[in-house]
Amino acid sequence: MQLDPLGDWKRSDYLEHLGKADLGRQVTLMGWVHSRRDHGGVIFVDLRDHTGMAQVVFGPQHNQASFERAQELRSEYVVAIKGEVVARSTDQVNLKMKTGEIEVFVKELKLLNGCTALPFQIGDLQESITEKNRLKNRTLDLRRPQMQHNLILRSKAAHVMRNYLHEHGFFEFETPILTRSTPEGARDYLVPSRVNPGHFYALPQSPQLFKQLLMVAGYDRYYQIAKCFRDEDLRGNRQPEFTQIDLEFAFVAPDDVMTLVEGMVAELFEKTLAVKVELPIRRMLYADAMAKYGSDAPDLRYGLELTDLTELSKNCGFQVFSQAAQSEGGLVKVMCVPGGADFSRKDLDDLTEFVKIYRAKGLAWVKLTPEGWQSPITKFFNPEEIAEINQRTGAKVGDLLLFGADKKQVVNDALGNLRKEVARRRKLAEDGRFVFCWVTDFPLFEATEDGGFHSCHHPFTMPVMEDMETAKHPTDIRSIAYDLVLNGVELGGGSIRIHRPDIQKRVFQMLKITDEEAREKFGFLLDALDQGAPPHAGLALGFDRLMMFLTGAESIREVIAFPKTQQASCLLTEAPGKVDPAQLKELNLALRKTQS
RNA sequence: GGGGUUGUAGUUAAGUUGGUUAUAACGCUAGCCUGUCACGCUAGAGGCCGCGGGUUCGAGUCCCGUCAACCCCGCCA
């Protein structure tokens with residue numbers, strides 16, 4: 001194959017920018033051969049670049065040499081052409097193409113590069129390609145218009161947010177990627193140090209401490225589009241390395257953070273999707289979210305609220321309920337599904353299986369018929385109890401009641417997720433509708449399995465000081481922390497930070513972090529708090545998750561150029577890979593046989 | 001660590017109760033075609049049925065194991 005040099009040719013236009021305004025112009029175009037239709041005496045080529053496509057026409061009457069050369073063209077060859085923009089006659093207009101009213105008669109063709117037979121086609125009309133195949137051939141996959149749209153929108157979104165933050169007095173700072181391991185939280189990715197044998201850097205799980213230090217250093221307003229690393233198992237919306245819009249500012253209250261962030265999010269949705277976000281965004285207490293929705297990230301596109309029946313169940317005849325209600329930390333709750341009495345027996349069996357995923361032992365249900373309750377458990381309830389449950393849930397004839405009775409966490413988990421599942425089955429959550437909310441006043445601590453507890457947010461979160469004095473149990477202490485939730489997904493969260501050394505020391509004590517440990521792990525932070533730390537607060541938004549909403553992607557991998565598989569490997573580069581023994585030796589590392 | 005789904009030409013899929021030469025569409029190759037745009041017509045090439053073992057006269061199909069991708073639980077301050 002004879003290839004041509006680009007020479008002094010300069011591209012005059014991007015393809016999809018061409019239109020009737022350009023009629024008669026001599027243009028120089030460059031791109032990929034998307035498809036070729038050879039009619040013998042005339043050859044049509046759809047030329048493609050990142051903006052879109054335009055049809056270029058090779059014919060002997062336009063130019064004999066390029067017409068003959070065009071017979072060599074195949075899919076994904078890279079070409080440059082010079083030609084004239086002409087109008088198509090009315091019967092030749094292609095309304096499916098944005099540039100379908102014009103075409104370009106080619107006078108000169110340069111073949112810049114060829115292309116071997118591809119593992120899959122680039123067009124969007126093709127049948128779906130398996131994701132394994134796409135990830136292995138990611139370069140080609142990224143050439144597809146959908147992926148180009150996603151990644152270019154990602155760039156635009158970052159730009160919008162950067163502009164917004166600069167306009168609001170924020171400065172962009174970088175923080176180290178090679179840093180030190182901190183306790184709690186996720187598993188760290190470690191990097192061995194060559195010059196300090198036996199010592200390791202950790203990749204940051206977030207720039208949390210550095211941004212606090214920048215506040216103490218007096219920079220007032222910080223932001224960063226920051227890569228974060230957590231060595232935990234993956235999900236459809238979780239990658240081991242991900243990106244946060246991370247920000248922090250000094251001398252502010254929670255209100256200031258929320259107002260600034262919701263302004264940014266509103267501008268982002270307006271400028272990328274032309275969607276108006278109604279401000280201010282609704283705020284909800286964590287305790288209310290858990291009570292009404294069984295989740296700290298409620299989807300508010302629909303109702304299906306939960307009602308607490310614990311008190312009422314304590315003396316009811318149904319042992320499953322009464323035992324749960326009487327036990328320490330037990331809970332009985334119900335969700336009313338309007339019109340849900342048409343769920344079939346199989347639907348209800350499916351839902352019962354569904355809640356078992358979340359460790360519920362079963363799912364009690366009641367259909368409200370004109371004759372009253374229809375349910376395997378009707379016999380355990382007296383008319384007064386039935387009337388009260390109907391009244392408190394607002395259930396009407398034709399509705400369905402779904403009950404959960406177990407330990408608090410199991411009930412909330414099961415019913416919270418059941419709520420989302422029922423909404424999905426009944427199509428209550430419309431696409432293209434974005435319902436935000438703030439969830440505030442998270443608990444400071446969360447109980448762990450071994451009887452201890454750890455920070456809900458992180459150990460640098462400001463407690464509600466009066467709770468510190470009055471709470472009977474550490475888990476009753478609230479924190480000044482807030483999450484931004486969109487359609488049932490946590491987009492990000494933040495908090496007022498502890499800026500006083502005395503409070504920080506108390507929190508470390510409560511977390512059973514000794515002075516020595518605190519000194520060793522966070523000495524630099526404690527010193528900073530002693531050196532004139534201003535009150536400060538901040539938040540981080542998951543950029544990848546935001547992009548999932550902006551693109552409508554079902555998976556986080558659709559908005560990341562080079563994502564990892566569920567086993568945290570990259571099918572393109574085959575990372576992680578083995579390393580040369582010499583490299584290990586230099587790092588003072590020895591491998592041991594993996595235990596099986 | 002656990003539960004589930006999937007794996008058959010380059011791609012996407014079909015393949016019946018275990019039975020003869022494993023199908024189709026798209027793509028690819030060659031030829032023809034001056035208005036197509038999912039171009040059309042003719043011909044052709046293309047297979048370790050994920051991998052390993054077993055049952056059987058005979059396995060894409062049944063059994064056991066294993067690998068990979070995906071979804072979920074645990075995990076993710």
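Just so we're on the same page: letters track the sequence lines, and every chain starts at 1.
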Colleague: Round to a whole Å and report the spacing from CD1 of I129(A) to P of A25(B).
Modeller: 20 Å

Colleague: Taking the side chain as C-beta and beyond, is there a heavy-atom pair between C456(A) and P443(A) under 4.5 Å?
Modeller: yes

Colleague: Is it true that D413(A) and R359(A) make a salt bridge, defined as a side-chain N closer than 4.0 Å to a carboxylate O?
Modeller: no

Colleague: Report the residue (R359(A) or T130(A)) whose heavy-atom-nearest nucleotide on RNA chain B is the more 5′ of the two.
Modeller: T130(A)

Colleague: State, yes or no, whether a side-chain contact exists between C228(A) and T243(A) at a heavy-atom distance under 4.5 Å.
Modeller: no

Colleague: What is the base-pairing partner of C70(B), counting Watson-Crick and G-U wobble geometry with both distances under 3.5 Å?
Modeller: G4(B)

Colleague: In whole Å, measure the gap between the C1' atoms of C32(B) and C49(B) for me.
Modeller: 37 Å

Colleague: Please determine whether a side-chain nitrogen or oxygen atom of K96(A) lies at a distance below 4.0 Å from atom OP1 or OP2 of A38(B).
Modeller: yes

Colleague: Counting any heavy atom closer than 4.0 Å, what does D413(A) reach on the DNA or RNA strands: base, sugar-phosphate only, or nothing?
Modeller: sugar-phosphate

Colleague: Measuring only the C1' atom in each nucleotide, how far is U8(B) from A59(B)? A whole number of Å is fine.
Modeller: 14 Å

Colleague: Is any N or O donor-acceptor pair between the side chain of R88(A) and the base of U36(B) shorter than 3.5 Å?
Modeller: yes

Colleague: To the nearest Å, give me how far apart CD (Q121(A)) and P (A25(B)) are.
Modeller: 15 Å

Colleague: Can you tell me if T461(A) uses its side chain to pair, donor with acceptor, with the backbone of H458(A) under 3.5 Å?
Modeller: yes

Colleague: It should be established whether R557(A) places a side-chain nitrogen or oxygen under 4.0 Å from OP1 or OP2 of nucleotide C71(B).
Modeller: yes

Colleague: Which value, in whole Å, describes the distance between the P atoms of nucleotides C63(B) and A43(B)?
Modeller: 42 Å

Colleague: Using the C1' atom as the reference point in each nucleotide, state the distance between G47(B) and G60(B) in Å, no decimals.
Modeller: 11 Å

Colleague: Before you tell me yes or no, could you show the steps for K136(A) and D141(A) under salt bridge (Lys or Arg N to Asp or Glu O under 4.0 Å), namely the whole-Å CA-CA distance, both residues' side-chain angles and the distance that decides it to 0.1 Å?
Modeller: CA-CA 9 Å; K136(A) 209 181 281 179; D141(A) 188 42; over 6 Å; no

Colleague: Report which part of the nucleic acid Q567(A) touches: base, sugar-phosphate, or nothing (heavy-atom distance under 4.0 Å, all strands).
Modeller: sugar-phosphate

Colleague: Quick one: which of T565(A), D544(A), L234(A) gives a side chain to side chain contact (heavy atoms under 4.5 Å, CB included) with Q239(A)?
Modeller: L234(A)

Colleague: For G31(B) versus U16(B), give the span between their C1' atoms, rounded off to a whole number of Å.
Modeller: 40 Å

Colleague: Who does A25(B) pair with, Watson-Crick or G-U, both distances under 3.5 Å?
Modeller: U11(B)

Colleague: May I ask which nucleotide in the shown strands pairs with G58(B), Watson-Crick or G-U wobble, both distances under 3.5 Å?
Modeller: none

Colleague: Mind checking if Y358(A) touches a base, just sugar-phosphate, or nothing, with heavy atoms under 4.0 Å?
Modeller: sugar-phosphate

Colleague: Considering every strand and a 4.0 Å limit on heavy-atom distances, what is the contact class for G59(A): base, sugar-phosphate, or nothing?
Modeller: nothing

Colleague: Whole-Å distance between G35(B) C1' and I102(A) CD1?
Modeller: 15 Å

Colleague: Measure from CZ on R230(A) to P on C76(B) and round the result to the nearest Å.
Modeller: 10 Å

Colleague: Let's see if you can work this out: which of U36(B), C28(B), C76(B) has an atom nearest to the side-chain heavy atoms of S75(A)?
Modeller: C28(B)

Colleague: Base, sugar-phosphate alone, or nothing: which one does N133(A) contact when heavy atoms must sit under 4.0 Å apart?
Modeller: sugar-phosphate

Colleague: OP1, OP2 of C39(B) versus side-chain N and O of R37(A): anything below 4.0 Å?
Modeller: yes

Colleague: State the pairing partner of C49(B); accept Watson-Crick or G-U wobble contacts with both distances under 3.5 Å, and report none otherwise.
Modeller: none

Colleague: Under 3.5 Å, is there any donor-acceptor pair linking the side chain of R36(A) to the base of C37(B)?
Modeller: no

Colleague: Of the options G74(B), C76(B), G35(B), whose atoms approach the side-chain atoms of F105(A) most closely?
Modeller: G35(B)

Colleague: Mind checking the P distance from A25(B) to G65(B)? Whole angstroms is fine.
Modeller: 39 Å

Colleague: What contact category does S569(A) fall into here, base, sugar-phosphate, or nothing, at under 4.0 angstrom with non-hydrogen atoms?
Modeller: sugar-phosphate

Colleague: Looking only at side-chain atoms of Q566(A), point me to the closest of A30(B), C39(B), C72(B).
Modeller: C72(B)

Colleague: Counting only heavy atoms from other residues, nucleotides and ligands, does the tally under 6.0 Å from CD of E574(A) exceed 12?
Modeller: no

Colleague: Compare side-chain N and O positions of R74(A) against OP1 and OP2 of U29(B) and report whether any pair is under 4.0 Å apart.
Modeller: yes

Colleague: Touch check for E103(A), heavy atoms < 4.0 angstrom, all strands: base, sugar-phosphate only, or nothing?
Modeller: base

Colleague: Closer to the 5' end of RNA chain B via nearest nucleotide, is it A117(A) or S35(A)?
Modeller: A117(A)

Colleague: With both distances kept under 3.5 Å, what pairs with G40(B), Watson-Crick or G-U wobble?
Modeller: C32(B)

Colleague: Regarding D46(A) and R37(A), does a basic nitrogen lie under 4.0 Å from an acidic carboxylate oxygen?
Modeller: yes

Colleague: Any heavy-atom pair between the side chains of F508(A) and F522(A) that's under 4.5 Å?
Modeller: yes

Colleague: Please state how far atom CG in D188(A) lies from atom P in C75(B), giving the value in whole angstrom units.
Modeller: 18 Å

Colleague: Rounded off to whole Å, could you give me the CZ-to-P distance for the F242(A) and C76(B) pair?
Modeller: 13 Å

Colleague: If you check the Q61(A) side chain, which of C76(B), U34(B), C70(B) turns out closest?
Modeller: U34(B)

Colleague: Any base atoms under 4.0 Å from T461(A), or only sugar-phosphate, or nothing? Heavy atoms, all strands.
Modeller: nothing

Colleague: Could you work out which one of C72(B), A69(B), C76(B) sits closest to the side chain of E232(A)?
Modeller: C76(B)

Colleague: Roughly how many Å apart are G15(B) and U20(B), using the C1' atom of each and rounding to a whole number?
Modeller: 15 Å

Colleague: Looking only at the side chain of K132(A) (C-beta and beyond, no hydrogens), which of the listed nucleotides C75(B), A68(B), U34(B) gets closest?
Modeller: A68(B)

Colleague: In whole Å, measure the gap between the P atoms of C62(B) and G46(B) for me.
Modeller: 29 Å

Colleague: What is the nucleic acid contact for E131(A), judged by heavy atoms within less than 4.0 Å: base, sugar-phosphate only, or nothing?
Modeller: sugar-phosphate

